[in-house]
2 protein chains.
Amino acid sequence: MKENLTQPIQDYLKHIYALSEAGTPATTTDLAARLGVAPASVTGMIQRLAGLQPPLVTYRKHQGALLTPAGKRAALEVIRHHRLLETYLVTMLGFSWDEVHEEACRLEHVISETFEERIASALGNPTHDPHGDPIPSAALEMPTDESTPLLGLRPPHSAVIMRVQATDPPFLRHLNNLGLIPGARVQALAFSPFDQNLQVRVNEGEAQIIGAAISAKIYVEEKG
Amino acid sequence: MKENLTQPIQDYLKHIYALSEAGTPATTTDLAARLGVAPASVTGMIQRLAGLQPPLVTYRKHQGALLTPAGKRAALEVIRHHRLLETYLVTMLGFSWDEVHEEACRLEHVISETFEERIASALGNPTHDPHGDPIPSAALEMPTDESTPLLGLRPPHSAVIMRVQATDPPFLRHLNNLGLIPGARVQALAFSPFDQNLQVRVNEGEAQIIGAAISAKIYVEEKG
DNA sequence: ACACTAATTTAGTCTAACCTAAATTATAAA
DNA sequence: TTTATAATTTAGGTTAGACTAAATTAGTGT
């Protein structure tokens with residue numbers, strides 16, 4: 001019951017959570033790609049996780065993996081660590097938002113509950129990290145967000161960026177240069193159905209065109 | 001050359017550094033005791049460390065281990081992390097000095113050079129941690145201290161506590177209750193050669209008697 | 001010089017987490 | 001329905017880092 005999960009196991013759970021959030025099981029290959037590991041290794045690990053007492057995942061051959069309640073709790077604990085750390089690194093230690101993912105990935109496995117509490121309260125118990133990702137509460141409740149992909153915004157609507165789902169540092173720096181960061185207001189000026197390009201104005205600035213690869217990863221809310 | 005040392009290896013190096021600081025090699029058994037590991041495991045690991053390219057320790061059978069320059073650098077890097085972290089946890093996150101050792105032991109292996117720099121400069125590049133232990137500089141130079149064991153202080157001399165060499169939380173809390181913390185002034189009132197007990201006054205307070213087990217671990221400097 | 005004890009090393013195992021290659025199963029097209 | 005392709009699993013192997021038990025070496029007192 002009081003379990004000390006290894007770092008690899010915590011990583012598996014974190015990614016199973018992300019991939020199965022929509023309800024569909026996380027597949028072996030998707031997990032392998034995310035974890036940077038061979039598919040066969042994933043099969044082996046999933047079988048082990050399903051055999052633990054208590055089991056952390058449910059698993060049926062060729063169907064993929066889903067988290068059990070215990071597995072979900074462990075995953076949310078790691079995700080809370082990760083997102084609190086990212087927030088702390090940016091707001092208290094002057095990291096930029098493209099640097100924090102890697103650092104948080106290493107720290108998330110080793111900080112104590114005390115450390116978690118201290119940084120959470122130093123930050124005023126934030127509900128979202130610098131990328132806009134929701135931070136599970138201390139009770140491991142995930143905040144529910146209403147945001148939708150920027151890709152779906154149509155002229156002449158405007159909206160506020162709530163979330164940027166990306167971890168690649170060069171990509172994040174690029175978005176930062178374009179002003180596409182949480183809090184920014186974007187107005188849709190034109191949409192091209194062929195290539196799914198969106199022409200937008202960001203924060204009263206110059207008009208610019210952004211491709212589908214970008215606008216699908218940015219989540220906005222129409223408000224104000 | 002660009003080495004990613006594992007956490008166990010970093011721990012070995014750290015403890016070899018501590019045990020061989022005086023110049024005498026670190027013995028298998030002492031290392032085993034410190035690392036909480038069987039002596040045979042230490043032998044195996046030391047042989048591996050001596051066989052790395054470049055070697056991190058020098059080793060001759062039954063003689064114990066000494067750090068090579070590369071090994072010493074790696075050890076000092078970890079020790080710098082550890083002591084900066086302890087300092088940061090105490091001064092920026094409200095940890096008490098008995099809580100920080102364990103936390104720093106886990107964090108020291110995973111923080112980046114960037115993280116190290118940021119906390120060092122947030123703290124004003126401290127040279128000593130909350131226990132008074134010297135913090136190696138960014139260039140890995142260890143500050144040299146002049147302090148001597150409180151055990152050697154004789155009436156009517158007085159001195160200032162510079163360093164407390166201990167990690168056990170209950171013990172540290174006890175010292176804290178006695179006021180025996182870095183910065184405190186102690187005056188020797190009497191010394192009993194039989195049991196090595198020392199009667200002292202701490203910070204103008206009540207006289208109290210402290211045993212050799214304590215006064216040997218507290219380092220002071222006579223000044224002022 | 002000898003013998004006893006304590007320290008150390010060797011030899012052989014174990015487990016977690018990975019790998020590759022081969023075998024199997026599912027999926028989708030003809 | 002059959003078959004090709006892609007996904008998955010099985011089987012077998014590797015490595016780091018630990019363990020125990022047995023063998024060896026060093027150090028000390030006689």
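Atoms considered below: every heavy atom in the structure, side chains included; atoms not considered: hydrogens, waters and symmetry mates. On a predicted model such as this, the values are computed, not experimentally measured, just so you know.
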query = Expressed in angstrom and rounded to an integer, what is the separation of A/Gln7 atom CD from C/dT15 atom P?
reply = 22 Å

ask   = Tell me: NE2 of B/His62 to C1' of D/dG27, nearest whole Å?
value = 12 Å

query = Rounded to the nearest 0.5 Å, how far does CG of B/Leu85 lie from CG of B/Leu123?
reply = 9.5 Å

query = Taking the side chain of B/Ala40 as its heavy atoms from C-beta onward, which of C/dT9, D/dG17, D/dT9 lies nearest to it?
reply = C/dT9

inquiry  = Using a 4.0 Å heavy-atom cut-off, does A/Val42 contact any base of the nucleic acid, only the sugar-phosphate backbone, or nothing at all?
reply    = nothing

query = To the nearest angstrom, how far is B/Met45 atom CE from D/dG17 atom P?
reply = 4 Å

task = Using a cut-off of strictly less than 4.0 Å, decide whether A/Thr43 has a side-chain nitrogen or oxygen near OP1 or OP2 of D/dT10.
result = no

query = What nucleic acid atoms does B/Ser41 come within less than 4.0 Å of, heavy atoms only: base, sugar-phosphate, or nothing?
reply = base

message = Please compare A/Gln63 and A/Arg48 by the position of their nearest nucleotide in DNA chain C and report the one closer to 5'.
response = A/Arg48

task = Can you tell me the distance, in whole Å, between the CG atom of B/Leu52 and the P atom of D/dG17?
result = 9 Å

Atom-to-atom span, CG of B/Leu31 to C1' of D/dG17 - whole angstrom = 15 Å

message = Within the 3.5 Å criterion, strictly below it, is a donor on B/Gln165 or B/His131 matched to an acceptor on the partner's side chain?
response = no

A/Ile9 or B/Gly44, whichever maps to the more 5' nucleotide of DNA chain C = B/Gly44

Short side-chain N/O contact from B/Thr6 to OP1 or OP2 of D/dG17, under 4.0 Å = yes

query = Should A/Tyr59 be listed as having a side-chain N or O under 4.0 Å from OP1 or OP2 of D/dT9?
reply = yes

request  = Rounded to the nearest angstrom, tell me the gap between atom CG in A/Leu35 and atom P in C/dC19.
outcome  = 10 Å

A/Tyr12 side-chain N/O to C/dC18 phosphate OP1/OP2 under 4.0 Å = yes

message = Within this structure, what is the CD1-NE2 distance for the pair B/Ile79 and B/His15, rounded to the nearest 0.5 Å?
response = 9.0 Å

request  = Give a yes/no on whether any side-chain N or O of A/Lys61 is located under 4.0 angstrom from OP1 or OP2 of D/dT10.
outcome  = yes

ask   = Atom CD1 of B/Ile46 to atom P of C/dT10: distance rounded to whole Å?
value = 12 Å

task = Kindly say if B/Thr28 contacts the phosphate of C/dT9, meaning a side-chain N or O under 4.0 Å from OP1 or OP2.
result = yes

ask   = In terms of side-chain heavy atoms, does B/His82 have a donor or acceptor partner in B/Glu108 at a distance below 3.5 Å?
value = yes

ask   = Rounded to whole angstroms, how far apart are CG on B/Leu13 and P on D/dG17?
value = 11 Å

inquiry  = For B/Glu113, I'd like to know if atom CD has over 12 heavy atoms of other residues, nucleotides or ligands within 6.0 Å.
reply    = yes

